[in-house]
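Read through the structure below, which is laid out as structure tokens, and then see the notes.
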Amino acid sequence: MPIAFHYADDTERGHAEKLAATRHRLLNEGTSHPAWEELTDGERERAATEAAWYLRAGRRAGLYDRNVAPPVTSMARGADGRPISRDDHEAQLRAWIEKNGTGERLALLDRAELSVVTALLNELCGALPKERLGQFAREMAVKLNDRGGV
């Protein structure tokens, strides 16, 4: 059964698979651990998923070269259909609010829905605490809570 894991992009998938394969080759040297090529497709996918988590943890811990491409969005896409950097996405959202945020206020959410939206924004902030997008999510959660009296 496939693992429900969403790679940020094809580069992350490739890096995870390379890390997993290299790890298995190291384990295979001098042990009875199966070689990468001997694993089933499912075993290789599980190993790559685990490796992706280690890659993400290593990046967050600052262990890898920062001269790599910036993290990209998982859903927002540029005109070419490719993911955009999370910093660019944050800048686009701020610009959109600055340009369009002076209009009529609309009551669209009840208190429970507002609480859910702010909880989701806070979750994004917690997932990306050192990134501009995470900080922007926190600002929006605070703004919505203040306006809604939550």
Side-chain angles (χ1 to χ4, degrees), residues 1-98 101 108-146 148 150:
M1 177 162 149
I3 296 171
F5 182 83
H6 300 285
Y7 293 96
D9 53 27
D10 289 338
T11 300
E12 183 181 49
R13 176 183 286 278
H15 288 175
E17 289 172 352
K18 187 174 183 178
L19 178 63
T22 303
R23 177 180 177 269
H24 275 271
R25 287 187 188 103
L26 285 170
L27 286 170
N28 182 254
E29 293 173 10
T31 71
S32 61
H33 196 83
W36 179 253
E37 295 77 17
E38 296 170 358
L39 299 177
T40 66
D41 289 344
E43 289 169 331
R44 283 194 295 270
E45 182 62 28
R46 280 190 293 282
T49 298
E50 181 180 342
W53 284 116
Y54 279 105
L55 286 169
R56 289 179 183 182
R59 283 193 301 270
R60 188 172 288 181
L63 299 176
Y64 304 133
D65 183 8
R66 289 298 195 180
N67 294 326
V68 295
V72 296
T73 57
S74 59
M75 298 299 290
R77 299 286 188 255
D80 61 0
R82 298 179 65 186
I84 60 174
S85 81
R86 292 197 292 242
D87 284 349
D88 288 347
H89 188 49
E90 178 268 346
Q92 289 172 352
L93 292 172
R94 279 190 190 278
W96 193 85
I97 285 178
E98 288 174 17
L108 298 175
L109 305 172
D110 63 27
R111 284 203 187 283
E113 292 167 334
L114 178 62
S115 294
V116 169
V117 169
T118 57
L120 291 169
L121 287 168
N122 282 323
E123 184 63 26
L124 178 60
C125 173
L128 308 172
K130 295 182 180 180
E131 292 189 30
R132 291 176 18 198
L133 186 59
Q135 294 161 3
F136 180 63
R138 179 69 181 140
E139 290 172 29
M140 292 303 300
V142 168
K143 188 180 285 190
L144 289 172
N145 275 333
D146 288 348
V150 175

> Should the pair R13-D10 be classified as a salt bridge under the 4.0 Å nitrogen-to-oxygen rule?
Replying inline: no
> Where do Y7 and T49 come nearest, in terms of heavy atoms and distance?
Replying inline: OH-N, 3.6 Å
> Is any NZ, NE, NH1 or NH2 atom of the basic residue among E90 and R94 found under 4.0 Å from an Asp or Glu carboxylate oxygen of the other?
Replying inline: yes
> When rounded to the nearest 0.5 angstrom, what distance separates CD in Q92 from CG in L133?
Replying inline: 11.0 Å
>> I need the minimum non-hydrogen distance between A51 and A16, along with the two atoms involved.
In response: CB-O, 3.4 Å
> Is the number of heavy atoms from other residues, nucleotides or ligands under 6.0 Å of E43 CD greater than 12?
Replying inline: yes
> Taking all non-hydrogen atoms of both residues, which atom of A47 and which atom of H24 are closest, and how far apart?
Replying inline: CB-NE2, 3.8 Å
> Could you state the interatomic distance from CG (L55) to OG1 (T11), rounded to the nearest 0.5 Å?
Replying inline: 11.5 Å
> Considering all heavy atoms of both residues, which atom of R56 and which atom of A8 are nearest to each other, and what is their separation?
Replying inline: NH2-N, 3.6 Å
> Are side-chain heavy atoms of R132 and R86 found at a separation under 4.5 Å?
Replying inline: no
> N28 and A35: which non-hydrogen atoms are nearest, and at how many Å?
Replying inline: ND2-N, 3.4 Å
> To the nearest 0.5 Å, what is the distance between SG (C125) and CG (L120)?
Replying inline: 13.0 Å
> At what distance, to the nearest 0.5 angstrom, does OG1 of T118 lie from CZ of R138?
Replying inline: 9.0 Å
> In Å, rounded to the nearest 0.5 Å, how long is the span from CH2 of W36 to CG of L26?
Replying inline: 13.0 Å
> Is any NZ, NE, NH1 or NH2 atom of the basic residue among R44 and E38 found under 4.0 Å from an Asp or Glu carboxylate oxygen of the other?
Replying inline: no
> How close do S85 and T73 get, heavy atom to heavy atom, and via which atoms?
Replying inline: O-CG2, 4.1 Å
>> What's the separation between atom CZ in F136 and atom CG in L93, rounded to the nearest 0.5 Å?
In response: 5.5 Å
